[in-house]
Amino acid sequence: MNTIILELTEKEAQIYDEVMEKVDETAAFLAELSHSDRLDWLKKHQYPHPISFEREIGGTVYTVNAHFSQDAETPEGKVKRILSQNIAL
């Protein structure tokens with residue numbers, strides 16, 4: 001097993017702690033909801049707009065649009081595929 005050690009500045013550690021506290025609070029809140037209420041909450045709080053943006057760099061405006069295929073491989077499927085290719089059982 002590999003171990004990764006990150007050295008954070010005091011400010012980065014503070015931000016990390018604040019984010020993790022919020023994650024824990026949200027997870028505890030969601031755990032108390034019924035399945036249907038949890039789905040409603042997640043639908044209400046998902047980002048409603050497509051992932052796209054415009055940036056001006058050196059007088060040129062670049063437009064970036066992201067599109068996701070409904071037929072794309074799932075993250076779980078990708079992990080399983082990678083593991084099966086790299087681990088001899």
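All values reported here derive from a predicted model rather than from experimental measurement.
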**Study point:** Residue list, salt bridge (charged side-chain N to carboxylate O under 4.0 Å, His left out) with Lys80, at least two apart or on another chain
**Key:**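 With neighbours one apart ignored, the set is Glu76.
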
Point to revise | Results of salt bridge (charged side-chain N to carboxylate O under 4.0 Å, His left out) for Arg81 - residues two or more places apart only | key: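 Scan of Arg81 (salt bridge (charged side-chain N to carboxylate O under 4.0 Å, His left out), adjacent residues dropped) gives Glu73.
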
**Study point:** Interatomic spacing from CG in Asp40 to OG in Ser34 - rounded to 0.5 Å
**Key:** 8.0 Å

Point to revise | Contacts of type ring pair (Phe, Tyr, Trp, His ring centres under 6.0 Å), residue His35, not counting sequence neighbours | key: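 His35 satisfies ring pair (Phe, Tyr, Trp, His ring centres under 6.0 Å) with no residue once adjacent residues are dropped.
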
Exercise for review: Only pairs at least two apart or in different chains count here, so list each side-chain hydrogen bond (donor to acceptor under 3.5 Å, both in side chains) that has a residue in residues 6-17.
Suggested key: Thr9-Glu12, Gln14-Glu18

Practice item. Following the transitive rule for hydrophobic clusters with a side-chain heavy-atom cut-off under 4.5 Å over Ile, Leu, Val, Met, Phe, Trp and Tyr, establish whether Leu8 and Met20 coincide in one cluster. Key: yes

Review point. Do Leu33 and Leu42 share a hydrophobic cluster, counting only Ile, Leu, Val, Met, Phe, Trp and Tyr and linking them when any side-chain heavy atoms are less than 4.5 Å apart?
Key: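 The answer is yes; both residues are in one hydrophobic cluster.
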
Point to revise | Thr26 and Trp41: CA distance, side-chain angles, deciding distance, side-chain contact (heavy atoms from CB on, under 4.5 Å) verdict | key: CA-CA 11 Å; Thr26 303; Trp41 185 91; 3.8 Å; yes

Revision key, fill the gap. For residues 57-66, the salt bridge (Lys or Arg N to Asp or Glu O under 4.0 Å) pairs (sequence neighbours left out) are none

Practice item. Go through the steps for Phe53 and Tyr62 under the test side-chain contact (heavy atoms from CB on, under 4.5 Å), then give the verdict. Key: CA-CA 8 Å; Phe53 59 91; Tyr62 295 90; over 6 Å; no

Practice item. Search all heavy atoms of Ser52 against all heavy atoms of Asn65 and return the closest pair with its distance. Key: CB-OD1, 3.0 Å

Review point. Which atom names give the shortest non-hydrogen contact between Val61 and Glu54, and what distance separates them?
Key: CG1-OE1, 4.0 Å

Check your understanding: Considering residues at least two apart in sequence or located in another chain, which fulfil the side chain to side chain contact (heavy atoms under 4.5 Å, CB included) criterion with Val19?
Key ->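 Partners of Val19 under the side chain to side chain contact (heavy atoms under 4.5 Å, CB included) test: Ile15, Val23.
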
